[in-house]
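Remember, predicted model here, so these are calculated numbers, not experimental data. Read the numbers this way: they start at 1 and go in the same order the structure lists the ligands and their atoms.
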Amino acid sequence: MGKLLIINGSPRAPKSNSKQYVALFQKYWNGESSKVNITPKNHTEICEDMAHYTDVLLVFPLYVDSIPVTLHNFLKTLEQHPPKQKPRISMVVNCGFLEPEQNQIAVEMIKLFCKQQGYPFLSVLCIGGGEAILNTPFRFLVKRKIKQLVKSVASHQSLSFQVTMPISKETYLKASTKYWIRYGAKNGVTKEQMDTMEIETN
Ligand SMILES: Cc1cc2nc3c(=O)[nH]c(=O)nc-3n(C[C@H](O)[C@H](O)[C@H](O)COP(=O)(O)O)c2cc1C
């Protein structure tokens with residue numbers, strides 16, 4: 001089992017869903033591992049640190065069908081400051097929509113980065129309904145997939161996994177709409193306000 005660095009690329013890393021996926025991965029990883037959140041100030045530090053690891057696991061959310069800007073900015077620095085030894089790269093991407101395939105564009109972006117920059121790409125887990133699934137009875141499905149991902153990273157076997165909740169899109173839409181209306185109400189925001197662009201400026 002190699003030495004693993006887990007990089008959380010969520011813009012809200014300390015309170016993120018990605019943080020929970022990082023914790024689950026670390027729970028099942030038997031080897032040595034460290035974790036770090038990307039911040040605007042630690043890019044070069046992470047780049048240098050990467051040379052000491054055989055494997056890197058990027059854990060991040062899908063933002064607007066793409067990788068979040070936090071990760072994008074970090075990759076730009078990494079391009080300028082590559083580590084002396086390039087580790088293998090794997091990733092866990094989670095998105096809000098039910099379909100894990102939504103993450104595919106972000107996956108291709110990271111794969112392309114790895115190809116162009118000379119990092120061996122290993123394995124990926126795409127999670128659909130990533131905001132919700134850990135708080136449902138389907139949590140066990142995520143745990144199972146993360147265990148499989150851990151195995152593939154540990155054995156250097158390049159594999160692709162995906163997981164979501166086995167419910168219909170209609171059920172998911174109904175449940176998530178109800179959730180967000182309640183969430184808004186708790187914060188003094190109505191559904192009508194959420195339906196407008198003004199929500200961005202408040
Ligand atoms: C600005 C923004 C853009 C998002 N764009 C998408 C998207 O295009 N597709 C999707 O399925 N989920 C999208 N989401 C949902 C996130 O991927 C989801 O909430 C995820 O669990 C956040 O993970 P994190 O807590 O680790 O940051 C978006 C969320 C935000 C805040």
Check your understanding: How far is atom 11 (O) of ligand 1 from its nearest protein heavy atom, and which residue and atom name does that atom have?
Key -> Phe97 N, 2.9 Å
**Study point:** Heavy atom of the protein closest to atom 23 (O) of ligand 1 (residue, atom name, distance)
**Key:** Pro61 CB, 3.1 Å
**Study point:** Distance from atom 26 (O) of ligand 1 to nearest protein heavy atom, with residue and atom
**Key:** Ser18 OG, 2.5 Å
Check your understanding: Would you say the side-chain atoms of Asp55 and Ser90 include a donor-acceptor pair closer than 3.5 Å?
Key -> no
Point to revise | Geometric N/O contact Cys95 with ligand 1, under 3.5 angstrom | key: no
Exercise for review: Might you work through the side chain to side chain contact (heavy atoms under 4.5 Å, CB included) test for Val36 and Ile6, ending with a clear yes or no?
Suggested key: CA-CA 6 Å; Val36 65; Ile6 307 178; over 6 Å; no
Review point. How far apart are the C-alpha atoms of His43 and Asn73, what are their side-chain angles, what is the distance that settles it, and do they pass the side chain to side chain contact (heavy atoms under 4.5 Å, CB included) test?
Key: CA-CA 9 Å; His43 291 188; Asn73 286 341; 3.9 Å; yes
Check your understanding: What atoms of ligand 1 come closer than 4.0 angstrom to any heavy atom of Asp65?
Key -> 7 (C), 8 (O)
**Study point:** Verdict with reasoning, Val153 to Trp29, per side chain to side chain contact (heavy atoms under 4.5 Å, CB included)
**Key:** CA-CA 9 Å; Val153 176; Trp29 178 261; 3.7 Å; yes
**Study point:** Where ligand 1 meets Ser10 - atom numbers and elements under 4.0 angstrom, heavy-atom basis
**Key:** 24 (P), 26 (O), 27 (O)
Review point. Can you find an N or O of Gly96 that's nearer than 3.5 Å to an N or O of ligand 1?
Key: yes
**Study point:** Donor + acceptor pair across side chains of Glu99, Gln102 (<3.5 Å)
**Key:** yes
**Study point:** atom 30 (C) of ligand 1: nearest protein contact (heavy atom, Å)
**Key:** Tyr63 CE1, 3.6 Å
**Study point:** Ser66 vs Met109, side chain to side chain contact (heavy atoms under 4.5 Å, CB included): CA-CA, chis, key distance, verdict
**Key:** CA-CA 8 Å; Ser66 187; Met109 289 170 84; 3.4 Å; yes
Check your understanding: Does any N or O atom in Glu131 lie less than 3.5 angstrom from one in ligand 1, N or O only?
Key -> yes
Practice item. Test the Lys86-Tyr119 pair against the cation-pi criterion, namely NZ or CZ under 6.0 angstrom from the six-membered ring centroid and within 45° of the ring axis. Key: yes
Check your understanding: ligand 1 and Asn94, any nitrogen or oxygen pair closer than 3.5 angstrom?
Key -> yes
Review point. What do you reckon, does Arg12 have a nitrogen or oxygen under 3.5 Å from a nitrogen or oxygen of ligand 1?
Key: yes
**Study point:** Side chain to side chain, Ile89 and Leu57, heavy atoms closer than 4.5 Å
**Key:** no
Review point. Can a donor-acceptor pair be found between the side chains of Ser10 and Ser18 at a distance below 3.5 Å?
Key: no
Check your understanding: Closest non-hydrogen protein atom to atom 13 (C) of ligand 1, residue and atom name please, with distance?
Key -> Leu62 O, 3.3 Å
Study note, to complete from the structure: For atom 5 (N) of ligand 1, the closest protein heavy atom turns out to be Val64 N, 2.8 Å
